[in-house]
Each structure stands twice: as C-alpha cells, then as structure tokens.
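Notes follow the structure.
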Amino acid sequence: MRIKAVEIENFRSAKHLVCDFGAVTSLIGPNGAGKSNILRALDWFFNGIKDSLSADDVHRGAVDDHETGPRIRVRVDFEDLTDEDREALGPRYCPDAGTTTFTAWRSWQNGGDKITAKAFAYPAFEAVRACTSAGDKRAAYNEVRAGDPTLGLPSCSSAAAVEDAMNAWERDHPDLLAEAEVSDTHFFGIGGQGKLGELFDFVFVSADLRATEETSSARDSLISRILQRAVMRDSFDTATAALAAEFARKYDELADEHLSEQLGDLAAELSTEISNYSLGRSIHLRQGQAQMKPTPAAVMVQVAELSTETPVNLQGHGFQRTLLLAALTVLSRRKRAAQGAGQMFLAIEEPELFQHPTQARAFASVLRSIATDREQKTQVAYATHSPHFVHPAYFDEVRRISTVRATGSDYTYARVTQATVDGAEQALAGFLAAKTLARRWDQVCLKYLPEALFAEGVILVEGDEDAAILEGVGGRVNDLAVSGYCVAPVSGKSNMYIPFAILKLLGVPTLMVVDNDSGCAERMRKIGRPEDKVAEAVEANKASNRKLCRFVGANEEDYPTGSVGANLVFVPDTLETLLASELPGWDLTRKEVIEQGRGVEGKNAATYALAARECQGEPGEHLARILNFCSPAAA
C-alpha cells in the first residue's frame, strides 16, 4: 500500500489543493508557501490525536454556513494494495482480489473528528451512519427496518448493535451493495490506533526535530520505528511465542494446583443456591486462560562519550539529525528485516538542516536508495530549500508550492504545480525528437536546473560568460539574487527547450536570452574559415532563430532583435558584442581587472562578472529590458 495522492481542504495555508506522491517527492517553494503544511496535514491524518485541531487551523477563506461551521478535510488515495492489505481491510473495502486502490478521509468540523472511507455499502444504511447521536442512529435504523421488512434486520437497542447489524447484513448481501463513503472511525482509529496504523506507518520528522519524542526510548519513537525495520526479528518472535505458550501451560498448572479446588467448592455453593430459584441447572467455575502477548522490545538509545552515557535527547540537534541519517543508512544497506512491518512513509521537513553539503548529498542519496528499493516498502517526501535534494534527472518528482492571492479577496492560498515527463514531452513535441529528448534529460543542459527550481524567476542564457555578464550588471542595478532570480546557462541555444518547458510547467517565470549571431559570418571569415563552412553556420543560425520564434508562438525571422513575446529576447549578434555599445566601459574595466591580476585573458566568467559589476555607466536599452524582467513590477 502506497500513497498515490492527497487532497487537502481548508487546512492552514491550503484552501484546496491536490498533491501527487511517488517513491520520492520533493516539495519546494518559498518560505511560508505551505510546503510543510502538506506534510503536517498527512501527519494529522495518520497520527493526529483527537481534538488536536482548532479553529486556528482553518483556512481564512473556508466557507462557513453558520450551522455546521467550516470543515477541514484530508483525503488520501492509496494504490498498490497487497494481499495482506486486502485481507486486513476486508471485503467491505476490497470486494475482490483485483482491488488495488483504497481511499480514506479524515474530517474536522466544530470540534468533531471522524474518519470515512470509500467502501461498498447498502445505500439505505448511509443515512443511518450519517447520524451523530446514538438516539438518532437507532431511530433512522428502525425507520429503514420498518420500511422494508424483507431485509430481515434484527431489533437493536444500542448504536453499537445497529452498526454490527448493518455490517453483518452487508457481508451477507454483497450483490446489493454500491460504492459509498462510509464513516468508520472506530475501525480505522484516530492517532494511529486503528487499522490504518497497522498497515501504514507515517513518520514525520519536523524541522524542530521534536527531539524528546523522536529520539526517546519509547517504542513508537522515530528512531525505534526505523531501527525496528532493520532488526531481524524472526527467531526472536519464534522464541517469544514459545515463551508465551510455556507461560500459559505453567499458568494452567498453577491454577489447577492453587485454584481448582476453591473454584469447585464455590461452584457447588452457587449451584445449591441457584437450585432454590431454578431447577435443573448448575454452575461450573474455571480459571480463565492466561493472556500473554509478547510486545516488541523497546530500543534504548544512549550516546557514549569517553566514560559518560547520555540519552540522545540531551544531544544537539545536529547530532540527532546525524543519528537519524546513520539509522537510515544502515536500513538502506539491509534487506527489510521486519517481515510483519507494513508500508512506511518518511516525511522530512528541511532534511538539509544541520548538514554540511557533503552530508546533505549523502542524506539525499540514502533516502533515494531506501525509497527505490521496493523491498524496503518506504516512500520518502521532504519539504526542502536545498538543491542537493533535487536531482535534475528526476524533475518529475518535484512539487512546487507557491502562494496565490484569491481574486477579489483578502486571503491567499497554496498552489501546487508539477512537471511530468509526459507534459514536458507534449510541450516539446515538434521541437525535439523523442529519441533526442530521452538522451538529454540527464545531460549538461539540466545541470543548473535544481537551483533554478527554487528561484522566483529564471533567465536562461547560452553560456557561463553570458550568465556572468548579466549577474555582474544586475549586481549594480537590481541584485538578481536578492530579488530571488537565477541566471542559468544551458550550454547553447539548442539546449533552451527542455529547461524552459520544465520551468513553465512548474509555474516558474522564465526568460530565454539568446544571441541572434548576426555577425557569425564576419567572425568566421576573420579566422580564415572556408566559405562553405561559413554558409553552413549562417543557415544553421537562421534555422535556430526561426525555431525558437516558433517555439514561443512568434513570427519567424532570420535575425530577430529584442523581445519576441514575453519569454524570449534576442541579443543583437552576441552579448559580448552588445556590451561594446550598451556598456562601453565594460571592456576597459575588464582590461584593468586583468592588469591588476584579478582576472585572466580570454573568455572567463569570473573576469566578465567582475568587470560588469565595476564598470561605469548605465546599461542600454537591450540590457535594461532583460534586467527589467526581474523587477517587482514585471514579476
């Protein structure tokens, strides 16, 4: 059983959103957008204790009808149900061996907390199950019973008896059931204390670590739950089962030795007394069976330093995160040992916290290793600000959370966007062949994508030198980094398509800045290239320019200049050439930087950036147009 998707209504920053989940899911976006709230909504669904929510958790834009009040609701869709899952859920939720999906909801309204699930039920019973008081439930049940005597429903004196009677009737009449959303809080439990808790272990690692809870010696602590999956328990379970059987045998022997005679005498007295009121009956008393159910051994975690041992919760947060990383690393190296363990979902808020870059990369690798090993039965999701946890080859794992202001309202809400492989392929159809596309997903054109995904906006340029120039000029005019914008080189004009398509699908404002290469022929002739090669290059440049115009839906030109639509700017010839006319002090400053020993000759990104930042003068029309894309007004 794995989580396929979650739908959240009116929970904190989420008015209404749907988020899909895979083996690994990266939630990214600015602070306060609602990344963590998605994970916390799931934590409430699985682990939240009763009455843990309040009116403060309700989204400001939630509809309040003044009768029932606004409602928080979390829906979870599960997929890949196993035989064990189907057996545990039973025929009501898994009516046949081919059932592979299951859906459940948890709702909170005016302090009322309930769990419902998609099941097969008798339609007339749904009105009965919808009743909240025991009296109303019995009345509704009796109404159904009286309305159709052929159902053969028994008389019931309590709400619990009503539920049992309806469930029994539905089990005996599967052909009369229809798909419905049924209330089943008792069956599934609240706070992980029900059937879902047995089948699915949702583990939430918050940014503040909840240190005393997550690393305590309690059986349900985070570290204990992780380590339990790495411990081979088969022989231990067999031995404890034998111990329980031996205890029961010895218990019975002691009962016979010490209690049997007393119970016999007491039963005889009771039988004599009963005979005064009811003839032909007698009483027999015997000791009840011993109830010994072995529980998993608690894992006590202590940290030794020299001769001193201390509990983990007294260690620093950095060490505690390191311990979690170590436990997960050990788990990733082992086959799943706990055969009885169900699916685990590991949700981590800011996994990069207290980790230096090398550790962060290692942590990301370990999490992916666990999640992609099907035997581990573990999904991983994290809300992160670190590019180390976003791999360009897996851009389809990214869910970008952004804040949107509702039209005509004074509230905002969280929005989720994602780029699927199919979506990117459709966006690029006619511009990149399928074979070419498949080869390029993991190529150099995506190496800057992780950083770009976290930006408020992105400027795609052809090379490192182009990026250095814009960052240098922008550092004097409106610092791009401070504005939340990223300049990402893609290694050539032909490599613009894939990152642009991905960023657009994710809702990241993106501008492509490319050279129109109108001076290509002259430059090639100066270095003595043959005319056939010159002509070939000229035609290739024209074709590339026209193709990019077509890509953004603009009129095709051989050498377009300036803005071509909202997302494409053509620089006259090259960006270096443009600087000679629009920032004439740049080349002089570049030479001074080199003479001072702070730069080097030739194409060098660091030298270009330093010269652009230090030179005098204001950028001209074309440069200003590019930089204005990053201004608050343009955003």
Side-chain angles (χ1 to χ4, degrees), residues 5-19 32 34 36-77 93 102-119 121 123-144 156 158-163 166-167 180-197 202 204 206 406 408-415:
V6 58
E7 180 181 26
I8 304 170
E9 299 176 33
N10 298 324
F11 182 80
R12 300 182 183 175
S13 62
K15 187 177 189 305
H16 179 264
L17 64 79
V18 176
C19 184
S36 296
N37 284 339
I38 294 176
L39 301 182
R40 290 178 183 274
L42 278 169
D43 189 41
W44 172 72
F45 176 92
F46 287 103
N47 302 319
I49 61 175
K50 191 174 179 61
D51 301 325
S52 58
L53 295 185
S54 70
D56 292 336
D57 293 299
V58 180
H59 186 273
R60 284 182 59 198
V63 176
D64 184 354
D65 61 9
H66 302 293
E67 292 184 7
T68 58
R71 178 185 68 176
I72 292 175
R73 196 180 209 203
V74 177
R75 164 182 170 152
V76 180
D77 293 329
Y93 301 99
F102 168 69
T103 296
W105 293 262
R106 185 171 179 180
S107 304
W108 179 93
Q109 195 167 32
N110 279 342
D113 199 333
K114 70 175 183 178
I115 292 179
T116 56
K118 186 179 290 186
F125 291 163
E126 290 312 284
V128 181
R129 292 187 169 110
C131 297
T132 56
S133 72
D136 290 344
K137 181 166 288 190
R138 290 197 305 272
Y141 172 78
N142 289 331
E143 186 176 336
V144 172
C156 296
S158 68
V162 167
E163 284 289 348
M166 293 189 298
N167 292 339
E181 180 184 339
V182 301
S183 178
D184 222 340
T185 298
H186 176 73
F187 179 68
F188 290 114
I190 284 180
Q193 304 301 311
K195 187 57 63 178
L196 275 180
F202 185 89
F204 179 54
S206 68
S409 301
D410 61 351
Y411 65 83
T412 61
Y413 59 89
R415 179 180 64 183

Practice problem: Just do the side chain to side chain contact (heavy atoms under 4.5 Å, CB included) check on T103 and E7 with the steps written out, would you? | Solution: CA-CA 11 Å; T103 296; E7 180 181 26; over 6 Å; no

Exercise. Check the surroundings of atom CZ in R73: do more than 12 heavy atoms from other residues, nucleotides or ligands lie under 6.0 Å from it?
Key: yes

Practice problem: Starting at NZ of K137, measure out to OG of S158 and round the result to the nearest 0.5 Å. | Solution: 10.5 Å

Quiz item: Between I38 and L17, is any pair of side-chain heavy atoms under 4.5 Å apart?
Solution: yes

Quiz item: Do you know the tightest heavy-atom contact between D136 and C131?
Solution: O-SG, 3.7 Å

Practice problem: With sequence neighbours left out, write down each residue that passes salt bridge (Lys or Arg N to Asp or Glu O under 4.0 Å) with R12, or none if nothing qualifies. | Solution: D57

Quiz item: Does H59 use its side chain to pair, donor to acceptor, with the backbone of I72 at less than 3.5 Å?
Solution: no

Quiz item: What's the shortest heavy-atom distance between K114 and T185, and which atoms?
Solution: CA-OG1, 3.3 Å

Quiz item: So, does S409 use its side chain to make a donor-acceptor pair with the main chain of Y411 at under 3.5 Å?
Solution: no

Quiz prompt | Spacing of CG belonging to N47 relative to CG belonging to L196, to within rounding of 0.5 Å | solution = 10.5 Å

Self-check item: From F187 atom CZ to E163 atom CD, the distance as rounded to the nearest 0.5 Å
Solution: 12.5 Å

Self-check item: Side chain proximity check, R40 to F204, heavy atoms < 4.5 angstrom
Solution: yes

Quiz prompt | Heavy-atom closest contact (I190 atom, R106 atom, distance) | solution = CG2-NH2, 3.0 Å

Quiz item: Going through the checks in order, is the side chain to side chain contact (heavy atoms under 4.5 Å, CB included) test met by D113 and D51?
Solution: CA-CA 7 Å; D113 199 333; D51 301 325; 5.5 Å; no

Practice problem: Rounded to the nearest 0.5 Å, what's the gap from CZ on R138 to OG on S133? Could you check? | Solution: 8.0 Å

Self-check item: Intermediate values then yes/no, side chain to side chain contact (heavy atoms under 4.5 Å, CB included), E126 and V182
Solution: CA-CA 7 Å; E126 290 312 284; V182 301; 3.4 Å; yes

Practice problem: Taking all heavy atoms of Y93 and all of K118, pick out the closest pair and write down the distance. | Solution: CD2-O, 3.3 Å

Quiz prompt | For K15 against G61, the heavy-atom pair lying closest together | solution = CE-O, 3.2 Å

Exercise. Indicate yes or no for a side-chain donor-acceptor contact from N10 to the backbone of R71 under 3.5 Å, with no hydrogens or angles considered.
Key: yes

Quiz item: Quick one: are the ring centres of F11 and F45 less than 6.0 Å apart?
Solution: no

Quiz item: T116 and R129: side chain to side chain contact (heavy atoms under 4.5 Å, CB included), yes or no, with the steps?
Solution: CA-CA 10 Å; T116 56; R129 292 187 169 110; over 6 Å; no

Quiz prompt | Minimum heavy-atom distance F202-L39, with the two atoms named | solution = CZ-O, 3.8 Å

